[in-house]
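One structure below.
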Amino acid sequence: MRSAWCGDLRAADDGRAVRVCGWVARRREHGEHLAFVDLRDRTGVVQCVVDGGHDLRPELVVAIEGKVRLRPEGTVNAELATGEVELGDCSVEVLGEAEPPPFAVSDRVDADEAVRLRYRYVDLRRPRMQANLRLRAAVNRALRAAMDGLGFVEVETPLLWTPTPEGAREFAVPSRLQRGSFYVLPQSPQIAKQLLMVSGVDRYYQIARCMRDEDLRADRQFEFTQLDLEASFVGQEDVRAFVTEAVCAAVEAISGRRPEIGTLSWDEALDRYGTDKPDVRLGMELTDLGAVLAQTEARALQAEAVRAVRVEGAGSTGRARLDALQDRAKELGAAGLAWMRVVSGDEGDADIDSPLAKFLTEQERRGIITATEGQPGDLLLAVAGPRRLACRVLGQLRVEIAHDARIAGAAAGSPGAGGGGHRRRGPGGGTDDDLAFVWVVDFPLFEDADDEGTPISAHHPFTMPHPEDLPLLESDPLAVRSQAYDLVCNGWELGSGSIRIHRRDLQDRVFRVLGISETDATERFGFLLDAFRFGAPPHGGFAFGIDRLTALLAGEESIREVIAFPKTQSGSDPMTGAPKPLDPASMRELGLRAAGGGTGRATQPAT
RNA sequence: GGACCUGUGGUGCAGUCUGGAGUGCACGCCGGCCUGUCAAGCCGGAGGUCGCGGGUUCAAAUCCCGUCAGGUCCGCCA
């Protein structure tokens with residue numbers, strides 16, 4: 001049926017008789033006997049010279065037979081990969097009729113996302129989306145090859161599973177054979193892969209679907225895909241080396257370059273960037289003003305910690321913008337946001353202009369400028385409060401300010417910046433092909449205590465504590481570091497992993513700190529603890545989000561752009577109308593009765 | 001659970017602040033012209049429940065209340 005791809009034809013094919021198949025992309029008519037028809041398949045577009053062809057409307061499915069020939073002098077299209085050639089003496093066979101699409105199949109047109117999702121099959125026809133799908137396939141291919149090369153065995157694990165202690169809300173699936181009982185879809189294959197270590201698989205991997213019933217975001221869907229791996233008889237450096245190899249292989253497959261991956265401790269990430277997922281490209285690192293302001297009279301700055309960021313050259317920022325920043329800081333949980341302009345003082349040295357300036361001693365003002373390395377014309381933003389809060393708020397503001405600056409820069413931009421179709425930029429600003437990977441290591445083992453003072457797992461309850469901190473496990477649990485690590489890129493958390501506890505005595509100590517009783521533990525994951533009685537090797541692993549990695553590599557801001565059929569923020573699919581109420585017969589068979597009226601609010605599927 | 005933004009012919013927008021005839025732009029669609037275009041061009045035409053419901057008003061796309069949908073974010077999320 002087909003003897004060539006549209007996008008492959010080149011001058012070297014001159015004289016070839018070919019048959020190409022695809023969709024009519026465009027038609028340019030010149031009277032009764034000449035029309036240029038651009039035919040599109042997944043590889044690209046080729047111009048076909050057709051006698052007549054007035055009824056060849058866009059998106060018609062056709063096969064065109066013709067002879068490849070060089071274009072006449074002066075009609076070469078340099079912007080087209082196939083622009084040196086065209087198909088002449090064409091005969092056209094219509095293989096399928098097509099109504100006008102709801103939006104143009106073109107990267108130039110960006111339809112509303114709701115419309116794109118409703119007609120996703122049309123949306124995916126666009127070159128950009130085709131490229132994203134293929135980029136994703138290339139990432140998967142590179143990951144599989146890398147894992148295979150490292151001696152990892154691909155093993156599939158069940159989707160119909162049972163609740164696990166990872167913490168996310170889970171999707172339940174009713175059992176027909178055992179009415180009233182439910183399976184749970186895995187939030188990750190965490191427990192299953194640990195069991196595979198007990199089984200002696202030693203090196204497991206899987207490109208795994210994970211399901212979490214949490215609210216959706218630009219970087220979060222209910223169902224997402226991870227490269228999940230686990231290995232035995234390894235330390236965390238081994239695991240990170242495996243992941244590094246896989247990620248670098250994937251990045252190299254796309255960009256041709258192997259990235260360098262730096263390492264930061266969790267503590268350092270928090271201090272310098274205010275987050276455990278730093279975008280290290282952006283500069284504007286946080287400054288600790290605690291020492292400078294230890295004795296300050298300024299009430300607003302009296303707190304456990306005072307941190308600041310310096311926004312270079314932003315000293316002329318207006319009140320409306322500063323108010324907006326203050327509102328945002330409060331939304332993020334800060335009591336307030338102190339702003340200070342660095343100005344030239346009376347004697348030519350730098351000084352601070354701020355509503356707070358009158359509460360600051362000259363020494364404090366100098367100290368602030370020295371600590372932040374402020375120059376006249378800069379804006380300083382400071383947050384006072386508990387250390388983690390102050391850092392977190394400023395860390396978020398830092399990212400948003402950098403992002404806004406980039407948008408403003410693009411709008412002002414160089415003349416060439418707007419050309420070439422849709423604009424692509426990575427999350428959090430920065431430049432397109434600039435991927436800054438970093439390992440964040442030495443996470444705390446436990447998070448802040450709940451109301452009763454019981455710590456909760458930062459990662460999950462099977463995470464191995466840092467050996468140096470073991471003596472603190474009972475006496476100062478919040479100070480205990482873990483052997484957990486995250487991989488971060490451009491401010492996105494790509495994935496996380498840890499060395500697991502494989503000894504029952506240590507596991508019991510951790511359970512005690514977490515307030516998990518033996519009965520609880522047996523009930524919730526007794527099968528894992530059972531397994532560990534029969535010879536569990538030391539093991540550890542990792543999982544990272546392929547959706548996010550692919551989006552980063554594609555320069556997309558949302559993972560929805562690299563998922564064939566994603567869901568909207570409210571979890572519905574505008575194409576199918578899912579989720580929908582189940583018909584009564586199915587409900588009966590499953591032993592289910594809808595509570596509270598039970599008529600969902602299914603969206604209307606496409607007609 | 002919450003905050004903000006958006007909703008106007010098939011598509012993308014302007015119009016909303018400051019109420020006065022469904023007004024405008026670009027693309028697409030339909031018809032006609034056109035033999036080297038490539039986002040072809042030229043001429044003509046059709047196409048609207050201004051998301052939905054209620055209120056204020058002589059009069060509502062515009063103001064008010066509610067609601068639905070989409071997006072960004074907070075909470076939530078290994």
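Note on naming: letters A, B, ... go to the chains in the order of the sequence lines (proteins, then strands), and numbering restarts at 1 for each one.
Residues Pro566(A) and Arg120(A) come closest through the heavy atom pair CD-NH2, 3.4 Å.
Here A40(B) is the nucleotide among C73(B), C30(B), A40(B) with the atom lying nearest to any side-chain atom of Arg26(A). The side chain of Gln569(A) lies closest to G71(B), out of A78(B), A40(B), G71(B). In the set G36(B), C77(B), C73(B), C73(B) carries the atom at the smallest distance from any side-chain atom of Arg217(A). Taking the side chain of His30(A) as heavy atoms from C-beta on, and the options G71(B), A40(B), C38(B), the nearest nucleotide is A40(B). Nearest nucleotide to the Pro72(A) side chain, out of A39(B), G36(B), C76(B): G36(B). Each of C38(B), C29(B), A78(B) was ranked by its minimum atom distance to the side chain of Arg57(A); first place goes to C29(B).
The nucleotide U35(B) finds no pairing partner, because no Watson-Crick or G-U wobble arrangement with both distances shorter than 3.5 Å includes it. As the counterpart of G24(B), C13(B) is assigned, both hydrogen-bonding distances of the Watson-Crick or G-U wobble pattern falling under 3.5 Å. Across all strands shown, the partner of C4(B) is G71(B), judged by Watson-Crick or G-U wobble contacts whose two distances both fall under 3.5 Å. With a cut-off of 3.5 Å on both pairing distances, the Watson-Crick or G-U wobble partner of G45(B) is C29(B). Under the Watson-Crick and G-U wobble criteria, each requiring two contacts below 3.5 Å, nucleotide C50(B) is left unpaired. Here C63(B) sits opposite G55(B) as a Watson-Crick or G-U wobble pair (both hydrogen-bonding atom distances under 3.5 Å).
Using a 4.0 Å cut-off between charged side-chain N and carboxylate O, Glu113(A) and Arg116(A) make no salt bridge.
Within 3.5 Å, no donor on the side chain of Glu32(A) pairs with an acceptor on the base of U35(B), nor the reverse. Interface remark: the Arg71(A) side chain does form a donor-acceptor pair with the C38(B) base, using a distance-only criterion of under 3.5 Å. Between the side chain of Glu86(A) and the base of G36(B) there is at least one donor-acceptor pair of N/O atoms closer than 3.5 Å. Between the side chain of Arg220(A) and the base of C77(B) there is at least one donor-acceptor pair of N/O atoms closer than 3.5 Å.
Two residues, His33(A) and Asp215(A), neighbour RNA chain B, and the one matched to the more 5' nucleotide by heavy-atom proximity is His33(A). Each of Gly571(A) and Glu493(A) lies near RNA chain B, and the nucleotide nearest Gly571(A) is the one positioned closer to the 5' end.
G71(B) and G28(B) are spaced 28 Å apart, taking the P atom of each and rounding to whole Å.
Classification of the Tyr121(A)-Tyr119(A) ring pair by plane angle, with boundaries at 30° and 60°, yields perpendicular.
In terms of modelled atom types and a separation under 3.5 Å, the side chain of Ser457(A) and the main chain of His459(A) share no donor-acceptor contact.
In this structure, Arg28(A) reaches the A40(B) phosphate: one of its side-chain N or O atoms is under 4.0 Å from OP1 or OP2. Taking only side-chain nitrogens and oxygens, Ser106(A) never comes nearer than 4.0 Å to OP1 or OP2 of C27(B). Contact annotation: Ser188(A) side-chain N/O to A78(B) OP1/OP2 distance is not under 4.0 Å.
Within 4.0 Å (heavy atoms only), Arg69(A) reaches at least one base atom of the nucleic acid. At the heavy-atom level, Glu29(A) lies under 4.0 Å from base atoms of the strands shown. Nucleic acid contact class of Arg560(A) (heavy atoms, under 4.0 Å, all strands): sugar-phosphate only.
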When you check every protein heavy atom under 4.0 Å of nucleotides 6-16 of chain B, what one-letter string (B, S, -) results, 5' to 3'?
----SSS----
